[in-house]
Structures are given as structure tokens and as C-alpha cells.
Protein chains: 2
Amino acid sequence: MALSHAILVCLTERPMSGYDLAKFFDTSIAFFWKATHPQIYRELKKLGGQGYVTSAEEVQSGKPNRFVYSITDAGKQALKDWSREPVALPLIKDDLLVRLQAIEYVDKDALREQIRARLAAHREQLGQYHHIRDVRFSDGKPAPEDLGKLMGLELGIQYEQGWIAWCEGVLQRLEGT
Amino acid sequence: MALSHAILVCLTERPMSGYDLAKFFDTSIAFFWKATHPQIYRELKKLGGQGYVTSAEEVQSGKPNRFVYSITDAGKQALKDWSREPVALPLIKDDLLVRLQAIEYVDKDALREQIRARLAAHREQLGQYHHIRDVRFSDGKPAPEDLGKLMGLELGIQYEQGWIAWCEGVLQRLEGT
DNA sequence: AGCATATATGTGTCAATGCACATATGAATT
DNA sequence: AATTCATATGTGCATTGACACATATATGCT
């Protein structure tokens with residue numbers, strides 16, 4: 001169970017509603033985890049039951065009321081306990097690479113198109129990372145609490161650059177085959 | 001549903017039993033997908049029901065009999081159909097990166113230790129990839145049916161090298177914090 | 001004699017995930 | 001006037017995945 005911890009991590013940044021969290025998971029720092037809103041709402045209730053978060057109803061006019069969740073001291077302790085558990089190696093799990101293994105059995109035109117689309121997606125993602133880095137970490141020395149976020153961002157940048165280079169090479173070698 | 005396709009891809013290489021497939025998924029080319037043996041056995045039965053694989057019982061003395069599965073023409077067609085479907089962007093989904101986001105709330109000694117362990121794991125994996133490349137693709141020009149496997153391998157090598165460099169940089173910056 | 005290991009195939013179960021659907025409101029667009 | 005969009009929260013269901021447990025046999029180790 002790691003979604004619960006990912007949510008707790010998000011809530012260390014600031015209190016958020018389920019709706020906020022869903023957007024946060026969609027766009028922001030959480031490139032390395034994803035969740036749909038039903039998952040998040042369910043998980044928030046579970047976390048509330050465990051005492052790791054508290055919720056406060058925020059009355060709004062015009063829009064439906066929000067339930068804003070904050071991490072509790074018990075939640076922070078749970079994060080620290082979790083942080084001592086060993087982490088698993090993430091695996092790649094990519095349809096594209098599976099298809100490449102059976103290159104003689106797939107539709108090569110479709111494959112080339114998929115790689116081109118993938119390349120575009122990685123370039124787009126890289127652009128987003130660069131943008132975040134520029135607006136958030138433009139000055140040389142990040143605050144200590146931001147260091148981890150910067151390093152995560154740097155991993156993302158390197159990761160996308162690696163994929164981009166690989167896609168370009170693959171496309172060249174697939175030309176005319 | 002992609003495990004079924006990953007299995008079909010494996011069976012294009014050679015007919016295999018469930019046991020073989022489980023080992024294949026554990027060690028060999030399938031770095032980018034994983035499956036446990038109960039999953040594989042169940043999936044094989046489903047694939048048999050769909051007519052995508054056929055099984056032949058192989059009588060063995062001493063050991064239990066094996067059921068060796070082969071991909072059928074219908075299975076090859078299913079692979080081709082699947083290869084035309086768009087692929088999703090894989091996401092990273094890494095506990096370690098989640099923890100980095102909340103660096104002020106985690107146990108830093110544990111984190112450093114986890115990164116060191118991760119670094120060792122990536123080096124180990126890189127060694128395996130290099131080994132496979134050397135024994136299987138030592139001569140310059142791979143056969144057309146192996147080109148995809150080589151490119152997958154190259155992605156794996158680049159991927160591991162990227163992680164290794166990142167881990168080393170992170171460990172340096174985390175020293176003394 | 002007992003135990004671990006490798007081969008080989010399964011069942012049963014629960015957690016995690018994903019996706020469609022459901023509901024409510026106000027603002028902006030067509 | 002009708003539709004779409006953004007805000008906001010949920011339920012229900014099917015699939016996927018992970019993991020413990022179950023069974024059977026032969027070999028090799030202690």
C-alpha cells in the first residue's frame with residue numbers, strides 16, 4: 001500500500017481537498033505515482049479512520065463545499081515509520097518494449113507511429129519538467145526542504161532525455177525496415 | 001490486459017511450459033514486465049480457451065509432466081491486432097522518489113541506505129544487461145528478428161546507467177545533511 | 001532419517017487498480 | 001435556451017496483481 005503514503009507526502013506540502021489531490025496527482029510533482037479521484041477519496045477516508053489526517057469542511061458559496069484534509073502528528077509518524085521500510089526496485093512495464101521483442105510479429109508501420117507518438121510525449125514531459133525547474137528552482141541553492149523535490153525533478157529530466165535519445169535512435173534504425 | 005500479450009510474445013521465441021515462462025519472466029528479456037507463476041498458469045488456460053495457444057503434455061520420468069504451450073496462427077493474429085492499439089506512457093511509480101518529496105519527514109539515514117542499496121541493484125542489473133549483450137549480440141549486425149531485442153536491451157542499459165549516475169549524485173548531495 | 005532444493009502445476013483469497021456511472025451547482029459559452 | 005466546463009464528492013463493479021498455501025516427485029546434502 002503506497003497510495004496512502006503518497007497522499008500523506010502531498011499533504012506535508014499543504015492541506016488539500018480530494019479534488020486538489022486529484023489535480024496534484026495529475027499535473028504536479030507526482031510524476032512517479034498516479035491515482036484517480038475515486039481512489040483518492042476512498043483512501044482519504046481510510047486515512048481519516050486511522051487518524052493520519054483530519055478533515056475540515058470548508059463552506060463555499062456557488063460551489064459545493066470542500067473537505068480539506070491535513071496531516072496529523074500521527075500521520076507524520078506513520079510517514080517516518082514507512083520511510084524506514086525497504087523500497088522495491090521499480091520495473092519498467094512498457095507495452096512498447098514488449099512489442100519490440102516480437103518485432104517480426106507486429107505491424108511495423110503502427111510501431112513506428114507509436115514510437116513517434118512516444119517521442120513527442122517525452123519531449124512534452126521534458127518541457128514541463130524544465131518549466132517547473134525554471135520557475136521553482138531558478139536560483140542556485142534550493143531550500144533544504146526542497147532539495148528532495150529538486151532531485152526528483154532532475155531524475156525526471158534525465159529519464160525523459162534518455163527516452164528521447166533512445167526513441168530517436170530506434171526510429172532511425174527502423175527506417176525502411 | 002497485457003500479461004496475455006507478454007506471454008504470447010515469449011512464445012514467439014519458442015514453445016514453453018508455465019514453469020519455463022515463470023523463469024523467463026524472472027530472469028530473461030522480460031525486464032519490462034513481470035508475473036508470478038499463478039498468474040502465468042491462469043493466463044495460459046485463458047489463452048488456450050481463446051485458441052491463441054495449444055498445449056502438449058510432455059511425459060517426463062522422475063519429474064512431473066510438463067504442459068508445453070505453443071502460439072497458434074490465431075495467437076499470432078491476436079498479437080498483430082494488439083500491436084496496432086496505441087500504447088500508454090509508462091509511469092515511474094517509485095517509492096524512493098515519493099520519499100524524496102517529503103525529505104524533511106523521512107528518516108534520512110534510512111533513505112541514504114536505501115539509495116545505496118538501489119545503486120547496487122542498478123549496477124547489478126546493468127552487469128546482467130551487459131552480459132546478455134556480449135553473449136548474444138557480440139557480432140556487429142544482429143539478425144532482423146533480433147533487432148527489437150537488441151534495442152530493448154540498449155534501452156535497459158541506458159536506463160540503468162541513468163539511475164546509477166543519479167544515485168551517485170544524490171548520495172553526494174545527501175552527505176552530511 | 002530428515003531436510004532442502006529443483007522441477008512442475010495449481011487453488012483460494014485479498015488488496016490494489018481502473019473505469020464507468022452518479023450527483024449537485026454555478027459560470028461561461030454557443 | 002441549451003450545452004459545456006469547472007468545481008466537488010462519491011458508489012459500484014470488474015480486472016489485475018500479489019501472495020500464501022497445496023501437491024507431487026526425485027536428487028542431493030547433512
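Source: prediction; values computed, not measured. We name chains A, B, ... by the order of the sequence lines, and we start the count at 1 in each one.
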Asks: Between Q77(B) and D81(B), is any side-chain donor less than 3.5 angstrom from a side-chain acceptor?
Replies: yes

Asks: Could you work out which one of dG10(D), dG18(C), dA8(C) sits closest to the side chain of Y69(A)?
Replies: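 Per side-chain heavy atoms of Y69(A), the pick is dG10(D).
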
Asks: Nearest to the side chain of Y41(B) - dT9(D), dT17(C), dG10(C)?
Replies: dG10(C)

Asks: Heavy atoms from C-beta onward define the side chain here; which of dA16(C), dG12(D), dT9(C) lies closest to that of R42(A)?
Replies: dG12(D)

Asks: Parallel, tilted or perpendicular: which describes the rings of Y129(A) and F31(A), with under 30° parallel and over 60° perpendicular?
Replies: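 If you compare the ring of Y129(A) with that of F31(A), the planes turn out perpendicular.
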
Asks: Take the protein atom NZ of K34(A) and the nucleotide atom C1' of dG18(C), then report the distance between them rounded to whole Å.
Replies: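 Rounding to the nearest Å, NZ of K34(A) and C1' of dG18(C) are 8 Å apart.
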
Asks: Looking at the side chain of K46(A), which of dT9(D), dA16(C), dG10(C) is the nearest nucleotide?
Replies: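 Closest nucleotide to the K46(A) side chain: dA16(C).
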
Asks: Quick one: is dG18(C) close enough that its OP1 or OP2 comes under 4.0 Å of any side-chain N or O from Q39(A)?
Replies: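 For Q39(A), the contact criterion (side-chain N or O under 4.0 Å from OP1 or OP2 of dG18(C)) is met.
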
Asks: Check whether any side-chain N or O of K93(A) sits under 4.0 Å from OP1 or OP2 of dT17(C), and answer yes or no.
Replies: no

Asks: Of all the nucleotides listed (dG12(D), dC19(D), dG17(D)), which has the minimum atom distance to the side chain of W33(B)?
Replies: dG17(D)

Asks: In whole angstrom, give the distance that lies between atom CG of D26(A) and atom P of dG18(C).
Replies: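 Rounded to whole Å, this separation is 12 Å.
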
Asks: May I have the distance from E58(A) (atom CD) to dT9(D) (atom C1'), rounded to whole angstrom?
Replies: 15 Å

Asks: When the distance from CZ of R66(A) to C1' of dG10(D) is rounded to whole Å, what number comes out?
Replies: 16 Å

Asks: For the pair D109(B) and R112(B), find out whether any cationic side-chain nitrogen is under 4.0 Å from an anionic carboxylate oxygen.
Replies: yes

Asks: Using 30° and 60° as the class limits, which term best fits the ring planes of Y159(B) and H122(B): parallel, tilted or perpendicular?
Replies: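 Perpendicular.
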
Asks: Rounded to whole Å, please give me the gap between CD in Q60(A) and C1' in dT25(C).
Replies: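 Distance, rounded to whole Å: 11 Å.
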
Asks: Please determine if a side-chain N or O atom of K45(A) lies less than 4.0 Å away from the OP1 or OP2 oxygen of dG10(D).
Replies: yes

Asks: Taking atom P of dA16(C) as reference, at what distance in whole Å does atom NE2 of H5(A) sit?
Replies: 10 Å

Asks: Of the listed nucleotides (dA6(C), dT7(D), dG10(D)), which one gets closest to any side-chain atom of Y19(B)?
Replies: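 Selected nucleotide: dA6(C).
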
Asks: Testing the basics here: between G18(A) and Y69(A), what is the closest heavy-atom pair and its distance to 0.1 Å?
Replies: N-CD1, 4.5 Å

Asks: NZ of K23(B) versus P of dT9(C): gap in Å, rounded?
Replies: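 It works out to 11 Å between those atoms.
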
Asks: Over how many whole Å does the gap from E43(B) atom CD to dT9(C) atom P extend?
Replies: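 Taking CD of E43(B) and P of dT9(C), I get 16 Å after rounding.
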
Asks: Would you mind telling me which of dA8(C), dT7(D), dT9(D) lies closest to the side-chain atoms of S17(A)?
Replies: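 The answer is dT9(D).
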
